[in-house]
Amino acid sequence: AQRVTQPEKLLSVFKGAPVELKCNYSYSGSPELFWYVQYSRQRLQLLLRHISRESIKGFTADLNKGETSFHLKKPFAQEEDSAMYYCALPALNRDDKIIFGKGTRLHILP
Amino acid sequence: GAVVSQHPSWVICKSGTSVKIECRSLDFQATTMFWYRQFPKQSLMLMATSNEGSKATYEQGVEKDKFLINHASLTLSTLTVTSAHPEDSSFYICSARAGGGPWNEQFFGPGTRLTVL
């Protein structure tokens, strides 16, 4: 079965320090993975997807099939990065259904 | 572009009453709309998927008679929580997707907080 695991509920990082939000997945086949972000009092929005290979707001994520991971990284944290981050993937045989991880709250310390 | 709105943003109701939540795609036609439920400090759980003009597809464990979904047009879907009870208190989020294809981005509404007394 497809599953997304985000092992950290809360991650506190000092401003300017590197950030890595962990995501591991289980999936049969080649998954497309996503990171969604929810800033305080705002709606959930797509941050990036691995297939586009783009960097959004300085964040990148590389799909590692060997480790079944899709960790989200940013070299230098900014205060405005504080938010809830969800790793997600589509359900098998149902590409309209998204399965979300439990989320990691990123707290940037001044 | 691609804005999804929800109304109301929060609602308080008495146990046993029914509550309707609207989800609208403001600047695009949504062939598919989704309803999620989010408990405090937990992830989003998909409740049902609705396509315009057809019956909603409910996820396992979601009572279709309890959570009535209507997708009357390409820009509007409604979720009615019937005979609400305190355990139905939650944050309900809708999302909308334009078009079909292998995968198209879902755009999320701001959510509706339901509190049942």
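Throughout, a chain's letter reflects where its sequence line sits, starting with A, and its residues are numbered from 1. Excluded from the calculations below are hydrogen atoms, water molecules and symmetry mates; all remaining heavy atoms, backbone and side chain alike, are included.
Residues B/Leu79 and B/Phe91 are members of separate hydrophobic clusters, defined by side-chain heavy-atom contacts under 4.5 angstrom among Ile, Leu, Val, Met, Phe, Trp and Tyr. Side-chain heavy atoms closer than 4.5 Å link hydrophobic residues (I, L, V, M, F, W, Y) into clusters, and following such links, possibly through other members, connects A/Leu33 to A/Val19. Residues A/Leu89 and A/Phe59 share a single hydrophobic cluster, defined by chaining ILVMFWY side chains whose heavy atoms lie under 4.5 Å apart. Taking hydrophobic clusters as Ile, Leu, Val, Met, Phe, Trp and Tyr residues chained together by side-chain heavy-atom distances below 4.5 Å, B/Ile21 does not share a cluster with B/Met33. Following chains of ILVMFWY side-chain contacts shorter than 4.5 Å, one cannot reach B/Tyr58 starting from B/Tyr36, and the two form parts of different hydrophobic clusters.
Contact of the A/Leu44 side chain with the B/Ile93 side chain is not registered, since no non-hydrogen atoms from C-beta on lie closer than 4.5 Å.
Partners of B/Ile12 according to the side chain to side chain contact (heavy atoms under 4.5 Å, CB included) rule, which considers only residues two or more places apart in sequence or in another chain, are B/Trp10, B/Thr115, B/Leu117. Every residue two or more places apart in sequence or in another chain that forms a side chain to side chain contact (heavy atoms under 4.5 Å, CB included) with A/Met84 is listed here: A/Gln38, A/Tyr86, A/Arg105. Every side chain to side chain contact (heavy atoms under 4.5 Å, CB included) that B/Ser15 has, sequence neighbours left out, goes to B/His85, B/Pro86, B/Val116.
Here the CD atom belonging to B/Glu105 is positioned 9.0 Å from the CZ atom belonging to A/Phe34, to the nearest 0.5 angstrom. Taken from CZ in B/Phe34 to CD1 in A/Ile98, the straight-line distance is 7.0 Å, to the nearest 0.5 Å.
Of the two parts of B/Gln6, neither the backbone nor the side chain holds a non-hydrogen atom closer than 4.5 Å to a non-hydrogen atom of chain A. Looking at B/Leu46, only its side chain comes within 4.5 Å of chain A, counting heavy atoms on both sides.
In terms of modelled atom types and a separation under 3.5 Å, the side chain of B/Ser43 and the main chain of A/Gly103 share no donor-acceptor contact.
Using non-hydrogen atoms only and a strict 4.5 Å limit, no part of residues 61-71 of chain B faces chain A.
In A/Tyr39, the OH atom is crowded: over 12 heavy atoms of neighbouring residues, nucleotides or ligands sit closer than 6.0 Å.
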